[in-house]
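Everything below concerns the one structure shown next.
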Amino acid sequence: MLAVQKTCHIMAQAVFIFGTTFCLYLAVILVDPALGDDPSIVPYDQLYEAGKTHYTREEWLDTIIHMERAIKNYKLRRSEMIGCRMKCTNHTKIVKDVFALDHRYSHHNELNFFAQVVKKAECLKHCLDDRLGDIWQLPVHEDIEKEFEARVPYDYLQLAYWRTNQLAKAVAAAHTFIVANPDHSVMQDNIEFYKEFEGVTKDMFQDMERPEHEQMFYNGVAAYNDQDYKECKRTMEKAIKLYYHAEMECRVQCEGPYIHEYFPEFFQSITNHYSSVLKCKAGCPEEVAGPNQRTNYKNYLPMHYHYLQFCLYQLGEVVDAAQAASSFLLFIPDHGDMLQNIQFYQRQADITTENLQPRKDSVEYLEMVMLEQKLLDLAETTFTDDDEMSLDDEEGKEEEKEPITEDMPNPTPDAAKLIRK
């Protein structure tokens with residue numbers, strides 16, 4: 001009998017604790033609308049502003065909850081918008097849809113172009129409505145967008161983590177912020193403090209925003225340094241594919257929202273719009289390279305091919321190695337070491353003029369870049385003569401030459417020469 005009473009007493013306590021916890025949670029929701037039933041539908045800018053309010057009140061746990069959700073929802077919104085733009089940039093499907101409306105569009109260039117613009121707008125509207133509902137249409141202040149691009153939420157998070165005794169998270173948040181803001185003096189002091197703090201280890205300094213293509217590139221460099229050339233080949237090939245995908249995502253973001261306004265000078269307005277789009281796309285190599293390679297971003301993609309060609313040679317895949325070397329020269333044609341590598345490959349028995357050609361991915365990429373530059377030059381000459389291009393045409397500096405041997409291609413320079421520590 002006593003056992004039964006004791007069991008009932010324990011169950012009553014459990015019910016009481018659960019009920020109290022649930023009521024507290026419900027109270028939080030009622031007090032703070034930003035923590036609704038489905039946080040994924042709360043705009044990230046609202047969560048961010050609420051997080052900053054909690055930060056000024058030194059309400060650290062609430063700061064963490066809001067900032068983490070703001071970052072998550074920012075990434076969700078960005079991912080879905082990129083997905084829709086990638087889907088609706090499928091020109092083959094768009095053209096088929098246009099021709100399905102009326103085959104005569106194919107014989108009228110202006111109507112064909114206009115019909116494609118309208119069909120793309122329709123595609124984007126339906127896609128965004130399906131994936132994000134009305135939330136995607138809510139305007140976000142430009143300053144908030146810039147703060148997320150500059151990783152400012154991690155500045156708030158690192159102190160909130162520190163004040164709640166989450167040391168590893170505080171160190172990672174501080175490092176994530178300083179990567180994108182290397183001249184921030186206060187965070188520099190924080191980083192030095194963390195380095196000297198007992199219990200902090202090197203592996204805590206993680207960049208939580210490091211893109212997959214960059215991590216894969218570093219993995220390839222590590223495999224190269226370990227002379228694991230099979231793994232080097234695998235990771236560098238994957239890094240190249242990931243890089244091109246990331247740059248394509250960057251490019252579709254340049255297009256902005258679909259065209260929903262029409263002006264009297266329609267085609268001039270369209271030209272001016274796409275001039276700005278092309279300028280934005282020209283900045284994607286630097287954007288995708290990220291803060292770690294931003295000072296030397298023009299070498300970032302070519303160095304993938306540099307490492308790859310050496311690793312392929314070590315695996316005995318001479319033809320593929322020669323094609324990777326030729327691809328590198330498409331980007332830096334006067335690179336002395338690689339020119340001598342090409343001469344070395346030309347002396348190999350398996351190499352012919354036909355199989356010494358650059359890889360398809362590098363050729364198609366540079367053809368696209370050159371075509372976009374020609375279109376941009378034409379548009380600016382025609383409509384915006386007073387505007388000046390701000391693109392940096394200065395070639396990246398050639399790496400320090402390594403000793404040349406007769407029996408193998410020149411090795412890849414140390415990664416430390418490529419990236420800023």
Side-chain angles (χ1 to χ4, degrees), residues 211-247 285 288-289 292-293 296-369 396-419:
E212 187 179 4
H213 65 83
E214 183 180 321
Q215 183 61 56
M216 193 60 60
F217 173 74
Y218 280 115
N219 292 347
V221 173
Y224 165 84
N225 290 333
D226 293 339
Q227 297 185 8
D228 185 351
Y229 299 116
K230 186 175 181 179
E231 179 65 11
C232 172
K233 170 193 172 182
R234 187 190 71 82
T235 51
M236 280 299 171
E237 288 282 13
K238 188 171 183 179
I240 290 172
K241 291 181 180 178
L242 290 170
Y243 176 90
Y244 284 131
H245 183 76
E247 185 161 326
V288 174
N292 284 318
Q293 292 86 20
N296 201 17
Y297 70 92
K298 290 190 176 181
N299 283 349
Y300 179 54
L301 176 57
M303 287 302 292
H304 287 69
Y305 292 105
H306 201 331
Y307 281 104
L308 182 61
Q309 65 91 24
F310 190 80
C311 295
L312 287 169
Y313 175 79
Q314 293 290 343
L315 293 172
E317 301 177 26
V318 180
V319 174
D320 291 339
Q323 292 176 350
S326 297
S327 297
F328 176 92
L329 287 175
L330 289 178
F331 297 91
I332 310 178
D334 58 349
H335 193 278
D337 285 350
M338 195 61 74
L339 288 171
Q340 295 194 37
N341 285 353
I342 289 295
Q343 294 177 2
F344 165 79
Y345 287 127
Q346 288 174 332
R347 296 194 295 269
Q348 307 307 303
D350 296 335
I351 300 299
T352 64
T353 303
E354 288 74 19
N355 59 26
L356 191 59
Q357 300 301 313
R359 290 159 51 112
K360 181 180 178 181
D361 54 6
S362 60
V363 173
E364 291 180 346
Y365 171 76
L366 284 175
E367 284 179 349
M368 176 182 64
V369 171
K397 294 183 179 179
E398 182 177 313
E399 294 83 358
E400 181 180 346
K401 291 182 178 297
E402 301 283 347
I404 299 174
T405 59
E406 292 298 325
D407 58 342
M408 65 185 300
N410 293 306
T412 307
D414 193 327
K417 297 178 183 178
L418 171 65
I419 61 174

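- Expressed to the nearest 0.5 Å, how far OG1 of Thr235 lies from OH of Tyr218 amounts to 14.0 Å.
- The shortest distance between side-chain heavy atoms of Ile332 and Met338 does not fall below 4.5 Å.
- Take Tyr365 and apply the side-chain hydrogen bond (donor to acceptor under 3.5 Å, both in side chains) test, not counting sequence neighbours, and it matches Glu247.
- Residues satisfying the side-chain contact (heavy atoms from CB on, under 4.5 Å) test with Leu366, not counting sequence neighbours, are Leu330, Phe331.
- Surrounding CD of Gln346 are more than 12 heavy atoms belonging to other residues, nucleotides or ligands, all under 6.0 Å away.
- Pairs engaging residues 234-243 under the salt bridge (charged side-chain N to carboxylate O under 4.0 Å, His left out) rule: Glu231-Arg234, Glu237-Arg359 [sequence neighbours left out].
- Here the two rings, on Phe217 and Tyr243, have centers that are 6.0 Å apart or farther.
- Asp320 pairs by the side-chain hydrogen bond (donor to acceptor under 3.5 Å, both in side chains) definition with nothing, not counting sequence neighbours.
- The line from CG of Leu242 to CE of Met216 is 6.0 Å long, rounded to the nearest 0.5 Å.
- The side-chain contact (heavy atoms from CB on, under 4.5 Å) test applied to Ala322 returns Tyr345, Ile351, Leu356, not counting sequence neighbours.
- Scored by the salt bridge (charged side-chain N to carboxylate O under 4.0 Å, His left out) test, Glu364 finds Lys360 as partners (sequence neighbours excluded).
- Residues forming a side-chain contact (heavy atoms from CB on, under 4.5 Å) with Pro211 (at least two apart in sequence, or on another chain): His213, Glu214.
- Scored by the side-chain hydrogen bond (donor to acceptor under 3.5 Å, both in side chains) test, Ser362 finds Ser327 as partners (sequence neighbours excluded).
- For the pair Gln309 and Phe328, the minimum side-chain heavy-atom distance is 4.5 Å or more.
- His306 NE2 to Leu329 CG: the interatomic distance, rounded to the nearest 0.5 Å, is 9.5 Å.
- For the atom pair Leu308 CG and Tyr229 OH, the distance stands at 13.0 Å (nearest 0.5 Å).
- A search for side-chain contact (heavy atoms from CB on, under 4.5 Å) contacts involving Cys232 returns Ala223, Tyr224, Met236, Cys311, not counting sequence neighbours.
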